[in-house]
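This chain uses plain numbering: 1 for the first residue, then up along the sequence.
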Amino acid sequence: MASEPIHLPHEERFGEWFPDFLKKELAPYPGRGALVARMVISATLTMILIVTFRIPGGVVGALSAFLFSRENLVSTARSAIFLISAFAIGALFIPVGARLLASTPETHFLWVGGSLFLVFFLLRCLANYGVATGLALVVSNVVGIWYLPGPAGTNVELTLWLIAATLIGALVTLGVEVVFHAMYGRDDLLGGLDTRLALIEDLMARYADRRPVEHATQASLAQFAIVGAGALRRHAARASYTQLYRARMTTLVSLVARSIDFAAALADAYPSLPAELEQRAARVNRSIADIRVCLSTRGRPCEAALEPAPSPGTPLLSEIESMVSLMPSIFSDENAPDPTLEPIEDIPGANRIFIADAFSNPEHLRYVLGGTLAAMFCYVFYVALAWPGLSTSVTTCVLTALTTIGSSRQKQILRVAGFVLGGVIAGLGAQIFVLPLIDSIGGFTVLFATMTAVAAWIGTSSSRLSYAGVQFAFAFYLIHLSDFSIQTNLTVARDRALGVLLGISMMWLVFERLFPRSAADEMVRIFVVNLRLLADLASLTPRRNDRAAVLRVRRQREEIYRHFGDVTAQSDAVPFETGPLRSGDMAARDRIRRWQASLRSFYLLEAPLLQFRIFGEGDTKSGAFTQFEDDFRFECSRIFREIAESLEGQLATRRHDPGTVASLVRRLEALPTGGDEFSDRERALARLMRTIAQVVDRFQEDAASEGLYDVPQIAAESEGD
């Protein structure tokens, strides 16, 4: 099957792109209002309890309610249980450690440095995101409590109250989620996928019936294309799924997200399709309807007879067909790992505390040392000036590290924007103009809920903007929720705001000036690393009795899976970068995102082959199939290595030399199939290999036909304007 060059429209200049980006990021979408309401209710109830019972540490309690995991009820409950257990340990460790080491300046300095190093390590490497967030916020605030050696009883009491405030936030959030689940029972991941698929289904139905595309459908598609699928990926990553099901869902999320991109461009460019393409649109419509039904019943989509075909006049339709045609195969029983064989994805009995490469990946150490260095700069600065009001800078450094955004420049924009909106405009502005007119907790509750709603609305945007909402909430809470009464002293608010600004500045100094990295270059670099890892994985032939080799395969697959998320994070940051290379970087971003959907499909569909190769009994595998499969996977490995070398060269020179493509599908068809020598399972795997070959062929044809950084003069999809 031929592949046509495809480009999604984008503004080359940051000034043209950013206003439209903000407009679409902040527009409502299905489920956003309910999520914002849950965040506002949780944070407001926490605030009322903390203020009513005069519990120190109110900022951390309300912020915990704002940040706590809400993917689904099970993951929220698990996070709450783990958080309570972790705090029970911390309630003993923190006061004892502080009392032993914080009594003299020398050991106090070492204790602060060690505590902050531990905080950033947990944020980076702890498997449970909710626990890592809660512990990080508590420990960073404890540093401020133990600023100067004081009465041990007072310091211990404030530390324990701080832990209690965080637990109140977690328990209130869990209660709100239980009530919401009892009333609505919505799964945010499945609901988000269904909403997006429904839009594409409606678009295809209108094309098939020769009806005009509604403005609401076109606007919703454009908005989802801007917002992306970062929230859905977070749901899949943090929910209590098996590794295999998580891999399936994230692959489906990637395919749906790319389908939305193409559908948005198609709806914008073509009010209607040519008559000869209407039947193809109808087939896509039926396939999506089948997938939606199976998702709603938590079943498995059956194989739909949807074969992508070239459409030179409207290449976007071919791309949508390609994405949709892969969705059923992700959940096909025939393509699933054999339940009689040992799973590749899940290690029996493993309940991991840290991520797989927590102690082996040098990138983690770089991140931890950078965060610790920035926080210690803040600590030394405010201690040297004897200005304890700036202790909020340490918490700011930790809070900044909560995001998974890939670009330091993007982080700086969002940090400063959130600080100005939440700390200066909303925080100090409310203190000057609103608080003097309020004389009851009722009035303050209205103010608090309103500002939390604004922060939550920003925070429920895509990962490219959501951190500004977190920074907004933190800056506002810090000014208005650190005392039990309405605070009208501008000096206190000034010190807290300056502390936030100091933390932002130190994180900028360390990560932007000492460790500068372009998001576009990092995106390509990580993508190339993943290509090489996939090539190595395809060429491996470990034996089931070689436990070290099997463990290496599992870790390698986990590393590949994690790199998918890293590439996505970096690609989300590319639009925030400016300069003469931006247009080429945006074109590379479009291609990398499209190719990553193909690689995710390969990663998932190849698992049954890998599992059968490792754990299948020798007497169940025919020699003919072994030779057939070896030739196939070594060819896949060769293709991935060649593409990796090409992309690496383009990263260095920004020049592309078109290469030749040897069709993997044709090579597969030319191989002897073994006939009756193949077992039923082997014949099913042979059919799976053909599906994988189609994915690989599209990938290599795209990579060979045009350069990574080639900027189209006029995209094909704009011809219908």
Side-chain angles (χ1 to χ4, degrees), residues 2-3 5-7 254 361-363 406 517-541 552-553 555-557 559-571 574 581 584-603 605-606 609-610 630-668 689 692-712:
S3 176
I6 188 75
H7 308 279
S254 183
N361 190 341
E363 284 297 313
R517 289 192 176 185
S518 162
D521 290 348
E522 280 293 286
M523 172 188 67
V524 178
R525 185 190 65 80
I526 298 171
F527 187 80
V528 168
V529 169
N530 235 17
L531 272 176
R532 297 190 187 281
L533 287 173
L534 284 167
D536 292 341
L537 188 66
S539 61
L540 287 176
T541 313
R552 177 190 169 193
V553 169
R555 287 177 174 171
Q556 193 162 339
R557 285 185 64 82
E559 186 177 1
I560 292 169
Y561 179 83
R562 188 177 62 256
H563 283 337
F564 285 141
D566 294 340
V567 171
T568 299
Q570 299 293 343
S571 69
V574 171
L581 301 179
D585 290 340
M586 288 294 289
R589 172 180 180 265
D590 175 36
R591 294 183 176 97
I592 292 293
R593 292 175 69 194
R594 185 168 76 251
W595 296 342
Q596 174 140 297
S598 298
L599 287 190
R600 279 187 179 274
S601 300
F602 176 89
Y603 167 86
L605 294 175
E606 195 263 348
L609 294 173
L610 181 62
D630 284 349
D631 188 275
F632 168 78
R633 61 192 180 88
F634 286 131
E635 185 65 12
C636 287
S637 178
R638 182 193 64 79
I639 291 171
F640 286 159
R641 286 194 174 95
E642 286 186 356
I643 296 175
E645 290 176 4
S646 173
L647 295 181
E648 214 164 36
Q650 292 180 67
L651 178 61
T653 64
R654 295 215 163 213
R655 291 197 302 269
H656 170 61
D657 296 323
T660 58
V661 174
S663 172
L664 186 57
V665 172
R666 293 196 187 98
R667 183 182 181 91
L668 205 61
M689 278 188 261
I692 296 174
Q694 291 173 340
V695 174
V696 174
D697 275 355
R698 287 190 64 83
F699 176 34
Q700 65 169 331
E701 287 166 6
D702 280 351
S705 63
E706 45 186 352
L708 179 64
Y709 296 99
D710 288 352
V711 180

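- In the displayed structure, Arg525 atom CZ is contacted under 6.0 Å by more than 12 heavy atoms of other residues, nucleotides or ligands.
- Thr541 and Arg633 share a side-chain donor-acceptor pair at under 3.5 Å.
- Inter-residue side-chain proximity for Leu609 and Ile692 is flagged as met; some heavy-atom pair is nearer than 4.5 Å.
- Proximity of Val553 to Gln556: side-chain heavy atoms (C-beta onward) are nowhere separated by under 4.5 Å.
- The structure places CG of Leu610 at 13.0 Å from CG of Leu605, a figure rounded to the nearest 0.5 Å.
- Checking Phe699, Trp595, Phe564, Phe640 one by one against Phe602, the ring pair (Phe, Tyr, Trp, His ring centres under 6.0 Å) holds for a single residue, Phe640.
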_side chain to side chain contact (heavy atoms under 4.5 Å, CB included) assessment of Arg562 paired with Asn361_ = CA-CA 12 Å; Arg562 188 177 62 256; Asn361 190 341; 3.8 Å; yes

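- Between Tyr603 and Tyr561, the ring-plane angle classifies as tilted under the 30° and 60° cut-offs.
- Between Glu645 atom CD and Leu647 atom CG the span is 10.5 Å, to the nearest 0.5 Å.
- Met523 CE to Arg593 CZ: the interatomic distance, rounded to the nearest 0.5 Å, is 10.0 Å.
- Here the closest non-hydrogen pair linking Tyr709 and Gly584 is CD2-O, 3.5 Å.
- The distance from atom OG of Ser598 to atom CD of Gln700, rounded to the nearest 0.5 Å, is 11.5 Å.
- Scored by the side chain to side chain donor-acceptor pair (under 3.5 Å) test, Thr568 finds Gln596 as partners (sequence neighbours excluded).
- The nearest pair of heavy atoms linking Ser254 to Ala597 is OG-CA, 3.5 Å.
- Looking only at distances, a side-chain donor or acceptor of Arg591 sits under 3.5 Å from a matching main-chain atom of Asp710.
- Counting only heavy atoms from C-beta outward, the side chains of Arg557 and Glu606 approach each other to under 4.5 Å.
- Looking at every heavy atom in both residues, Ala520 comes nearest to Asp585 through CB-CG, 3.4 Å.
- Classification of Arg552 and Glu559 as a salt-bridged pair fails, no side-chain N sitting under 4.0 Å from a carboxylate O.
- A salt bridge links Arg638 to Glu635: at least one charged side-chain nitrogen sits closer than 4.0 Å to a carboxylate oxygen.
- Panel note: side chain Arg654, backbone Leu708; no donor-acceptor pair is recorded below 3.5 Å.
- In this structure, CE on Met586 lies 8.5 Å from CG on Asp590, to the nearest 0.5 angstrom.
- No hydrogens or angles considered: nothing links the side chains of Ser646 and Glu642 as a donor-acceptor pair under 3.5 Å.
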Taking distance alone, no hydrogens or angles, what donor-acceptor pairs closer than 3.5 Å link side-chain atoms of residues 527-536 to residues at least two apart or in another chain?
{"residue": "Asn530", "atom": "ND2", "partner": "Ile560", "partner atom": "O", "Å": "3.3"}
{"residue": "Arg532", "atom": "NH2", "partner": "Glu648", "partner atom": "OE1", "Å": "2.6"}
{"residue": "Asp536", "atom": "OD1", "partner": "Arg641", "partner atom": "NH2", "Å": "2.6"}

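- When all heavy atoms are compared, the tightest approach of Val574 to Ala519 is CG2-C, 4.1 Å.
- Between the Asp697 side chain and the Gln694 main chain, no donor and acceptor come within less than 3.5 Å of each other.
- Within the 4.5 Å cutoff, the side chain of Arg667 has heavy atoms near those of the Asp631 side chain.
- Leu664 has its side chain within reach of Cys636: a pair of non-hydrogen atoms, C-beta onward, lies under 4.5 Å apart.
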